[in-house]
Amino acid sequence: MILITSLWALSNTLSAVFVNVYLYTYTGSLVVMTIYCIIRIAQFPLFFTIGGKWAQQKGYAYPLATGVIISMLALMYVLFMNDKFALNPNLVYISALLVGIGEGFFWLSVNSLHQVVSGPETRSAYLANIGIFNNICNIIAPLLSTWILNHSISDNEGYITIFKFVLVIYVFVVITAFKVDAKGLQSRFSVIKCLNILNDKLWRQSMIMTFLFGMRDALTLTLAGLLVYNATNGSGEIYSQLLTLFALITIFSFYFFSKRLKGKNLYRYFYLGSLLIASSTIVLVVFPNIYGAIYYGIVNGLASPMYSNPYQIIVMDNINGYINENMTGRVIAKEIYLSIGRCVGMLCIVLSYFVLPSNLYLTVSVIFCSLFSVWLALYVSLNSH
């Protein structure tokens, strides 16, 4: 699992962020890119459910590998269309459809296997190791992309070379995915039943937490990377160098907190992390320059394990409480609530664009979504005792 997630992180850092930047250079619209992400994420519930049923019959290797293969097709589509996106920005949404299907199958498999691989005693260390190895790949990726961009005629030519390299990595991920020998439990599960939060207080709290987490996470998926890119005045080289610095800080932070997120410290660090995470994107949008970008990257890197790992540990431990049923339904339901939170957050950005003046919509919507990490911490504080 560490190998699969690390290879995916390497390819994802090389492709996903630069796909957004690559498409953004043609569309020139943050709103178009936000709608792109909404279409991509909105498909998760359907393909999580299909993937879960498929894993139950054939094993997780099949939806996992299929998700990677469809992601390869999405990347090839972007390469093929190239400057046609500038002529017709709506072609971007076809890419969103393909990416959403691929990621739906992939993340269903990975998140279910995370639950299977780790137990309550090993979860903190497991998530820390995932974070460390993923961020090592996040360092390799910008160094590699910087080298490629430096030896390319233009940034766009460099992006095309990067995408081709990513296709090779995807092949290795597919090969590794077929080494996964794990099936979903044979007992039946109902996603619709698991989506019901009215009759189970613990489950209701877990899903409200997940929704609140998703509201702020919308910024990470859509605007944060593009805002950092804008702060560099569109320099792919500086952008890559910043990503390397941010990944180094994040690795240090994951390592430092790997053995400290336990007991009461779990909640103390979580509350602090939620404040820092909120401030990172707020500063980035209020000060849209290189200094705001540096603040965002450093603070986000330091605070990520303090914020995201406690959230994951709390929710995953709660899912473990349903050990007597098929937990696949719970995992899918959690991911659906996360997707809903992300889509609502992104819709807030789009609606702000149509309702507020052009010089205000981005600032207002980013601050609004950023504060949901604080609301999440307050909700946990009120319900954890």
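These numbers come from a predicted model, not from an experiment.
- Between the side chain of Asn111 and the backbone N or O of Trp107, at least one donor-acceptor pair lies under 3.5 Å.
- Here CG of Leu97 is found 10.0 Å from OH of Tyr36. Values are rounded to the nearest 0.5 Å.
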With a cut-off of 3.5 Å and sequence neighbours excluded, list every side-chain donor-acceptor pair involving residues 166-179.
| unit_1 | atom_1 | unit_2 | atom_2 | d |
| --- | --- | --- | --- | --- |
| Thr176 | OG1 | Phe172 | O | 2.8 |

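- One N or O on the side chain of Ser308 and one on the backbone of Ser304 form a donor-acceptor pair closer than 3.5 Å.
- The ring of Tyr295 has its center no closer than 6.0 angstrom to the ring center of Phe287.
- The six-membered or imidazole ring of Tyr307 lies near that of Phe213, with a centre-to-centre distance under 6.0 Å.
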>> What verdict does the ring pair (Phe, Tyr, Trp, His ring centres under 6.0 Å) test give for Phe257 and Tyr269, after you've listed the backbone C-alpha separation in whole Å, the side-chain angles of each residue and the deciding distance to 0.1 Å?
In response: CA-CA 9 Å; Phe257 289 107; Tyr269 284 124; 4.9 Å; yes
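- Ring-plane geometry between Phe44 and Phe48 is classed as tilted, the angle between the planes lying from 30 to 60 degrees on a 0 to 90 degree scale.
- Here the two rings, on Tyr361 and Tyr353, have centers that are under 6.0 Å apart.
- Remark: Leu198 CG is packed, more than 12 non-hydrogen atoms of other residues, nucleotides or ligands lying under 6.0 Å away.
- By the neighbour-count criterion of 12 heavy atoms within 6.0 Å, atom CZ of Phe133 is sparsely surrounded, having that number or fewer from other residues, nucleotides or ligands.
- Relative ring orientation between Trp8 and Phe106 is described as parallel, the plane-to-plane angle staying below 30° on a 0-90° scale split at 30° and 60°.
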